[in-house]
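Working notes, structure below.
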Number of protein chains: 2
Amino acid sequence: MPPVTTRSEPRQSRPQRVAEAIKQWVMDEGWQPGQRLPSESELIARFGMAKGTIREAIRILEAQGLVASRTGPGGGVFVHRVSEARAIALLGNYFYFADLSLDDIYQLRSLLEPELAAGLAGRLSEAQLARLEAAIAASAPPAVDPDDEAARHAASLAFHAELAAMAGNPLLGFVIRFLAEMLGEVTVARGLHSATDPALWERGLACQTELVAALRAGDAERARAVLREHMATAHRMMRDREARPARRFLRDRVRG
Amino acid sequence: MPPVTTRSEPRQSRPQRVAEAIKQWVMDEGWQPGQRLPSESELIARFGMAKGTIREAIRILEAQGLVASRTGPGGGVFVHRVSEARAIALLGNYFYFADLSLDDIYQLRSLLEPELAAGLAGRLSEAQLARLEAAIAASAPPAVDPDDEAARHAASLAFHAELAAMAGNPLLGFVIRFLAEMLGEVTVARGLHSATDPALWERGLACQTELVAALRAGDAERARAVLREHMATAHRMMRDREARPARRFLRDRVRG
DNA sequence: CCCAATTTGTTCGTATGTATC
DNA sequence: AGATACATACGAACAAATTGG
């Protein structure tokens, strides 16, 4: 080790640096999803490092959802567009440590969803409206056993996911779906899906039905108002049980 | 379609499965940040796999920000709380491919920030208010060269980051800081920080100053109204230039 | 159906770097 | 300074998956 030659932080491991370099490379060249990166052996030659080092770098990129690899001829490492499911899972990791409350989640939902609905009023096709109605039907009574209860809760969240998917704003849609996912984790992780007040549940369903009507009619103001009330209802339904969500990582359902 | 032999999807690579198993393990045991995972050699023994495989698994967890490793005696792999900077970078990867517009970003900011400000009115200490005022001062005129311009824009975003950090709601705070980060990327990636209308900039500063006054006075309504106008001003300042943000990955400034 | 080529996936042995005592 | 304990990196070999002949 020579004297103090202004070492510029070689503190990152080699795989991390290689991963960063490849990422920058992809960005500079403007490579698109589906395009193939150089093969392992080419990367070994290019970076002058051992196979294991290069492989670890690729794993880092893979964990971020930025590349995917396949074996065999025609295989290799490919640029991959980060899937929403993976982005949600990665972000969920962050909030695993954050100690969120139901109030935190519902505050955001109450801010965003009414606005989303207002923006969609009069802009949905019949097919889209039908999908929303199907989600409502799937979450409708009668309730039978606890499993059925859970399924209907999931369907109710699906309604909001559908709505979010129709958002013109990808950011808004993502945040709403993420919140719904977090909420779903909370409800299944604890027994919050059971013992719901039937009257409140009915009320929620009525809100959703009226919302679809307002969307079809193109009445933005009414859509906003209805969803605002729906959020309040749902929040009330959850409140005064556990105040803290269970600490869990979100499952990453993604293969790519 | 081959016969249905209920293959249990061994399609994931071993490192991925090991990483998933360790993650689950950490969760089940409720391990906290700072606690040490078993050493490499112990993991090798426990999973019955080679060193390289285990190392790749650890890299996967490291890339997600869930663990960090140190060399030397007393070193090892440690549970790590995902840092906000890393979460922002990972989420930024997702939106790299999403083709966001400035309007998308500002729509969300306009929805969230006024509400945040309203919630903070009357609840900030003098020290916190002073930090906000410092950020305003740093972004104030006079403008000299382009570099100075960029620095003042950064300070302006810092004002919003400070505000978000004071939010009682971690979710709200995160989203706002993420949006500010994305906006910062956009403004530096293209020339949007230069050629700003001085009158509009002045107007933005006046809004921020008035906001701090409202916060100090505990006037939630005024805070909301002021920030709403500030958002509109900022949006106007950006609009009618490039409609699409540059496609860039967010830099991950994090070491841990 | 098998065989061969190609590319990632996995293993093992060894050596090096780094931080603590 | 030296010993120790740990991650880090290298290299060569072998295994598995996929494609095409």
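Quick caveat: nothing in here was measured; it's all calculated off a predicted structure.
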Calculate the interatomic distance between [X] atom [atom1] and [N] atom [atom2]; express it in whole Å.
{"X": "A/Gln12", "N": "D/dA7", "atom1": "CD", "atom2": "C1'", "answer": "16 Å"}
{"X": "B/Met49", "N": "D/dA15", "atom1": "CE", "atom2": "C1'", "answer": "14 Å"}
{"X": "B/Ile44", "N": "D/dA5", "atom1": "CD1", "atom2": "P", "answer": "17 Å"}
{"X": "B/Ile54", "N": "D/dA7", "atom1": "CD1", "atom2": "P", "answer": "11 Å"}
{"X": "A/Leu37", "N": "C/dT7", "atom1": "CG", "atom2": "C1'", "answer": "14 Å"}
{"X": "B/Glu42", "N": "D/dA5", "atom1": "CD", "atom2": "P", "answer": "13 Å"}
{"X": "B/Glu62", "N": "D/dT8", "atom1": "CD", "atom2": "P", "answer": "7 Å"}
{"X": "B/Ile60", "N": "C/dT10", "atom1": "CD1", "atom2": "C1'", "answer": "14 Å"}

Among [options], the nucleotide that comes nearest once only the side chain of [X] is considered:
{"X": "A/Arg59", "options": "C/dG9, C/dT7, D/dT18", "result": "C/dG9"}
{"X": "B/Pro73", "options": "C/dT8, D/dA7, C/dT20", "result": "C/dT20"}
{"X": "A/Pro15", "options": "D/dT8, D/dA9, C/dC12", "result": "D/dA9"}
{"X": "B/Ser13", "options": "C/dT10, C/dT8, D/dT19", "result": "C/dT10"}

Problem - Sidechain-backbone polar pair: A/Asp104 side chain, B/Asn169 backbone, donor-acceptor under 3.5 Å - result: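 Between the backbone of B/Asn169 and the side chain of A/Asp104 there is no qualifying donor-acceptor contact (under 3.5 Å).
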Exercise for the section: Measure from the side-chain N and O atoms of B/Arg17 to the backbone N and O of B/Ala57, and report whether any donor-acceptor pair falls under 3.5 Å. Expected result: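 Checking the backbone N and O of B/Ala57 against the side chain of B/Arg17, no donor-acceptor pair under 3.5 Å is found.
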Handout entry: Ion pair check, B/Glu56 and B/Arg59, cut-off under 4.0 Å
Key =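 B/Arg59 and B/Glu56: not salt-bridged.
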Exercise for the section: Evaluate the side-chain contact (heavy atoms from CB on, under 4.5 Å) criterion for residues A/Gln64 and A/Lys23: first the C-alpha distance (whole Å), next the side-chain angles of each, then the deciding distance (0.1 Å), finally the verdict. Expected result: CA-CA 11 Å; A/Gln64 302 179 6; A/Lys23 197 167 155 184; 3.7 Å; yes
Practice task
Please confirm whether any donor atom in the side chain of B/Lys51 sits under 3.5 Å from an acceptor in the base of C/dT14, or the reverse.
Solution key: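 Yes, a donor-acceptor pair under 3.5 Å.
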Practice task
Check every strand shown and say whether A/Gly52 touches a base, only sugar-phosphate, or nothing at a heavy-atom separation below 4.0 Å.
Solution key: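 Counting heavy atoms under 4.0 Å across all strands, no contact is made by A/Gly52.
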Problem - Parallel, tilted or perpendicular, as decided by the 30° and 60° cut-offs, for the rings of B/Trp31 and B/Trp25 - result: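 If you compare the ring of B/Trp25 with that of B/Trp31, the planes turn out tilted.
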Practice task
Please tell me which of A/Glu56 and A/Arg70 maps to the more 5' nucleotide of DNA chain D, matching each residue to the nucleotide holding its nearest heavy atom.
Solution key: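 That would be A/Glu56.
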Practice task
Using heavy atoms to find the nearest nucleotide of DNA chain D for B/Gly75 and A/Gly74 separately, return the residue whose nucleotide is more 5′.
Solution key: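 Nearest-nucleotide comparison on DNA chain D picks B/Gly75.
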Problem - side-chain contact (heavy atoms from CB on, under 4.5 Å) evaluation trace for A/Leu183 with A/Arg109 - result: CA-CA 10 Å; A/Leu183 218 46; A/Arg109 293 189 88 198; 3.0 Å; yes
N or O in side chain of [X] less than 4.0 angstrom from [N] OP1/OP2:
{"X": "A/Arg55", "N": "C/dG9", "answer": "yes"}
{"X": "B/Ser69", "N": "D/dT8", "answer": "yes"}
{"X": "B/Arg36", "N": "D/dC6", "answer": "yes"}
{"X": "B/Thr53", "N": "C/dT11", "answer": "yes"}
{"X": "B/Arg14", "N": "C/dT11", "answer": "yes"}

